[in-house]
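Order of appearance sets the numbers: ligands from 1, and atoms from 1 within every ligand. Here the structure is a predicted model, which means the values were calculated and not measured. If you read the sequence from its start, that first residue is 1, and numbering goes on from there.
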Amino acid sequence: MTTLLRIDSGARIDGSHSRQLADYFQARWAEAHPGGHATVRDLARDPVPHLDNASIVAFHDAQSPDAPTGTKATTLSDALIAELESADDVLIASPLYNLALPSVLKAYFDHVVRSGRTFSMNGNGYHGLLSGKSVFVVAARGGSASPGAADDFQIPYLRAILSSSGSLRWR
Ligand SMILES: Cc1cc2nc3c(=O)[nH]c(=O)nc-3n(C[C@H](O)[C@H](O)[C@H](O)COP(=O)(O)O)c2cc1C
(Lines give C-alpha, C1' and ligand atoms only; values in the text may rest on other atoms or scores of the structure.)
Protein backbone atom coordinates (compact mmCIF):
# COMPACT_ATOMS: atom_id res chain seq x y z
CA MET A 1 0.00 0.00 0.00
CA THR A 2 1.35 3.41 -0.98
CA THR A 3 1.53 5.87 1.86
CA LEU A 4 1.62 9.64 2.12
CA LEU A 5 2.89 11.49 5.17
CA ARG A 6 1.41 14.99 5.22
CA ILE A 7 3.08 17.51 7.49
CA ASP A 8 1.23 20.75 8.25
CA SER A 9 3.14 23.54 9.95
CA GLY A 10 1.04 26.70 9.67
CA ALA A 11 -0.41 28.03 12.91
CA ARG A 12 -3.53 29.30 11.16
CA ILE A 13 -6.32 26.75 10.77
CA ASP A 14 -9.35 28.51 9.21
CA GLY A 15 -8.53 30.26 5.95
CA SER A 16 -5.03 28.84 5.79
CA HIS A 17 -3.69 28.89 2.26
CA SER A 18 -0.99 26.31 2.95
CA ARG A 19 -3.59 23.91 4.35
CA GLN A 20 -5.89 24.48 1.37
CA LEU A 21 -3.00 23.76 -0.99
CA ALA A 22 -2.16 20.63 0.99
CA ASP A 23 -5.82 19.54 0.91
CA TYR A 24 -5.79 19.94 -2.88
CA PHE A 25 -2.55 17.98 -3.22
CA GLN A 26 -3.77 15.22 -0.89
CA ALA A 27 -7.02 14.85 -2.85
CA ARG A 28 -5.10 14.56 -6.14
CA TRP A 29 -2.65 12.13 -4.52
CA ALA A 30 -5.57 9.97 -3.30
CA GLU A 31 -6.99 9.88 -6.84
CA ALA A 32 -3.62 8.83 -8.21
CA HIS A 33 -3.11 6.17 -5.51
CA PRO A 34 -6.35 4.19 -5.07
CA GLY A 35 -6.09 2.26 -1.83
CA GLY A 36 -3.30 4.52 -0.63
CA HIS A 37 -3.17 5.70 2.95
CA ALA A 38 -2.42 9.21 4.18
CA THR A 39 -1.13 10.06 7.64
CA VAL A 40 -1.34 13.65 8.84
CA ARG A 41 1.18 15.14 11.24
CA ASP A 42 -0.09 18.56 12.21
CA LEU A 43 2.74 20.45 13.89
CA ALA A 44 0.45 23.35 14.80
CA ARG A 45 -2.14 21.26 16.61
CA ASP A 46 0.43 18.84 18.01
CA PRO A 47 3.80 20.63 18.12
CA VAL A 48 7.04 18.84 18.77
CA PRO A 49 9.20 20.41 21.48
CA HIS A 50 12.47 22.15 20.82
CA LEU A 51 15.48 19.90 21.20
CA ASP A 52 16.82 19.85 24.72
CA ASN A 53 20.12 18.81 26.25
CA ALA A 54 18.93 15.31 27.12
CA SER A 55 17.89 14.63 23.53
CA ILE A 56 21.16 15.84 22.06
CA VAL A 57 23.18 13.73 24.50
CA ALA A 58 20.96 10.72 23.78
CA PHE A 59 21.31 11.20 20.01
CA HIS A 60 25.07 11.15 20.44
CA ASP A 61 25.08 8.18 22.81
CA ALA A 62 22.75 6.21 20.53
CA GLN A 63 25.50 6.07 17.89
CA SER A 64 27.65 3.95 20.16
CA PRO A 65 27.48 0.22 19.26
CA ASP A 66 26.75 -0.74 22.87
CA ALA A 67 24.19 2.00 23.42
CA PRO A 68 20.91 0.96 25.03
CA THR A 69 18.10 1.13 22.49
CA GLY A 70 14.95 3.13 22.95
CA THR A 71 16.12 5.49 25.66
CA LYS A 72 13.43 7.90 26.73
CA ALA A 73 15.19 10.93 25.32
CA THR A 74 15.15 9.47 21.81
CA THR A 75 11.60 8.12 21.92
CA LEU A 76 9.99 11.05 20.10
CA SER A 77 12.76 11.28 17.52
CA ASP A 78 12.64 7.52 16.93
CA ALA A 79 8.86 7.66 16.41
CA LEU A 80 9.06 10.61 14.02
CA ILE A 81 11.83 8.93 12.01
CA ALA A 82 9.88 5.65 11.87
CA GLU A 83 6.86 7.56 10.56
CA LEU A 84 9.03 9.21 7.92
CA GLU A 85 10.71 5.95 6.95
CA SER A 86 7.37 4.24 6.43
CA ALA A 87 6.10 6.90 4.02
CA ASP A 88 6.48 6.54 0.25
CA ASP A 89 5.64 10.18 -0.39
CA VAL A 90 5.94 13.16 1.92
CA LEU A 91 3.99 16.39 1.63
CA ILE A 92 5.15 19.43 3.57
CA ALA A 93 2.87 22.46 3.87
CA SER A 94 4.93 25.46 4.91
CA PRO A 95 3.91 29.08 5.19
CA LEU A 96 6.57 31.76 5.13
CA TYR A 97 7.03 33.27 8.58
CA ASN A 98 9.42 36.18 8.91
CA LEU A 99 11.42 35.19 5.85
CA ALA A 100 11.79 31.57 6.94
CA LEU A 101 9.88 28.42 7.78
CA PRO A 102 7.64 28.15 10.87
CA SER A 103 9.64 27.31 13.99
CA VAL A 104 7.57 24.17 14.59
CA LEU A 105 8.76 22.80 11.25
CA LYS A 106 12.37 23.64 12.09
CA ALA A 107 11.91 21.84 15.43
CA TYR A 108 10.55 18.82 13.53
CA PHE A 109 13.64 18.73 11.31
CA ASP A 110 15.85 18.95 14.40
CA HIS A 111 14.28 15.69 15.61
CA VAL A 112 14.40 13.76 12.33
CA VAL A 113 17.66 14.95 10.75
CA ARG A 114 19.82 12.78 12.95
CA SER A 115 23.32 11.45 12.45
CA GLY A 116 23.38 7.68 12.16
CA ARG A 117 19.65 7.49 11.54
CA THR A 118 18.76 9.68 8.58
CA PHE A 119 22.20 10.83 7.46
CA SER A 120 25.83 9.88 7.89
CA MET A 121 29.06 11.76 7.44
CA ASN A 122 32.42 10.75 6.05
CA GLY A 123 35.34 12.52 4.47
CA ASN A 124 33.26 13.29 1.41
CA GLY A 125 30.49 15.05 3.32
CA TYR A 126 26.92 14.16 4.22
CA HIS A 127 25.11 11.08 2.93
CA GLY A 128 21.39 10.66 3.22
CA LEU A 129 20.09 7.38 4.64
CA LEU A 130 16.51 7.73 3.43
CA SER A 131 15.91 6.69 -0.14
CA GLY A 132 13.16 6.07 -2.61
CA LYS A 133 10.89 8.81 -1.37
CA SER A 134 9.44 11.85 -3.06
CA VAL A 135 8.94 15.01 -1.05
CA PHE A 136 6.45 17.60 -2.20
CA VAL A 137 6.37 21.09 -0.71
CA VAL A 138 3.47 23.51 -0.85
CA ALA A 139 4.52 26.94 0.34
CA ALA A 140 2.43 30.03 1.09
CA ARG A 141 3.60 33.59 1.53
CA GLY A 142 2.15 37.05 1.86
CA GLY A 143 4.28 38.46 -0.91
CA SER A 144 7.31 40.16 0.60
CA ALA A 145 9.68 37.46 -0.56
CA SER A 146 9.68 35.49 -3.78
CA PRO A 147 11.13 31.97 -3.96
CA GLY A 148 14.88 32.10 -4.31
CA ALA A 149 15.09 35.83 -3.60
CA ALA A 150 17.85 37.04 -1.31
CA ASP A 151 15.38 37.41 1.56
CA ASP A 152 13.82 33.96 1.10
CA PHE A 153 15.31 31.62 3.70
CA GLN A 154 12.46 29.12 3.43
CA ILE A 155 12.76 27.40 0.03
CA PRO A 156 16.60 27.31 0.00
CA TYR A 157 16.53 25.86 3.53
CA LEU A 158 13.96 23.21 2.63
CA ARG A 159 15.92 22.21 -0.49
CA ALA A 160 19.12 21.87 1.53
CA ILE A 161 17.74 20.02 4.52
CA LEU A 162 15.67 17.60 2.43
CA SER A 163 18.65 16.83 0.24
CA SER A 164 20.82 16.12 3.27
CA SER A 165 18.57 13.33 4.51
CA GLY A 166 18.40 11.09 1.50
CA SER A 167 17.94 10.71 -2.18
CA LEU A 168 14.80 12.78 -1.93
CA ARG A 169 13.66 14.08 -5.26
CA TRP A 170 12.78 17.74 -5.10
CA ARG A 171 9.51 18.40 -6.93
C1 LIG B 1 4.09 35.35 11.90
C2 LIG B 1 3.95 35.58 10.41
C3 LIG B 1 5.05 36.01 9.69
C4 LIG B 1 4.94 36.22 8.31
N5 LIG B 1 6.06 36.61 7.61
C6 LIG B 1 5.98 36.78 6.26
C7 LIG B 1 7.13 37.15 5.50
O8 LIG B 1 8.21 37.32 6.00
N9 LIG B 1 6.99 37.32 4.16
C10 LIG B 1 5.80 37.11 3.53
O11 LIG B 1 5.74 37.24 2.31
N12 LIG B 1 4.69 36.74 4.22
C13 LIG B 1 4.75 36.57 5.57
N14 LIG B 1 3.64 36.21 6.28
C15 LIG B 1 2.40 35.95 5.56
C16 LIG B 1 2.16 34.46 5.40
O17 LIG B 1 3.25 33.80 4.75
C18 LIG B 1 0.91 34.24 4.57
O19 LIG B 1 -0.19 34.88 5.20
C20 LIG B 1 0.62 32.78 4.38
O21 LIG B 1 -0.54 32.64 3.61
C22 LIG B 1 0.42 32.11 5.75
O23 LIG B 1 0.11 30.76 5.57
P24 LIG B 1 -1.35 30.23 5.90
O25 LIG B 1 -2.29 30.92 4.91
O26 LIG B 1 -1.30 28.77 5.69
O27 LIG B 1 -1.69 30.60 7.30
C28 LIG B 1 3.72 36.01 7.65
C29 LIG B 1 2.61 35.58 8.40
C30 LIG B 1 2.72 35.38 9.75
C31 LIG B 1 1.52 34.90 10.55
Contacting atoms of ligand 1, where contact means under 4.0 angstrom from a heavy atom of Gly143: 10 (C), 11 (O)

Geometric class of the Phe59/His111 ring pair [parallel <30°, tilted 30-60°, perpendicular >60°]: perpendicular

N-O pairing of Asp14 and Arg19 below 4.0 Å: no

Min N/O separation Gly142 to ligand 1 under 3.5 Å: yes

Option nearest atom 8 (O) of ligand 1 (shortest heavy-atom distance, choices Leu96, Val138, Leu99, Asp152): Leu99

For Leu21, all residues meeting side-chain contact (heavy atoms from CB on, under 4.5 Å), sequence neighbours excluded: Val138

Heavy atom of Ser18, distance to ligand 1 below 4.0 Å: yes

Inter- and intrachain pairs under side chain to side chain donor-acceptor pair (under 3.5 Å), touching residues 90-107, at least two apart: Ser94-Gln154, Lys106-Asp110

Tyr97 N/O to ligand 1 N/O under 3.5 Å: no

Ring-face cation contact, Tyr157 with Arg159, 6.0 Å cut, 45° max: no

Interfacing atoms of ligand 1 (cut-off 4.0 Å, heavy-atom, Pro95): 22 (C), 23 (O)

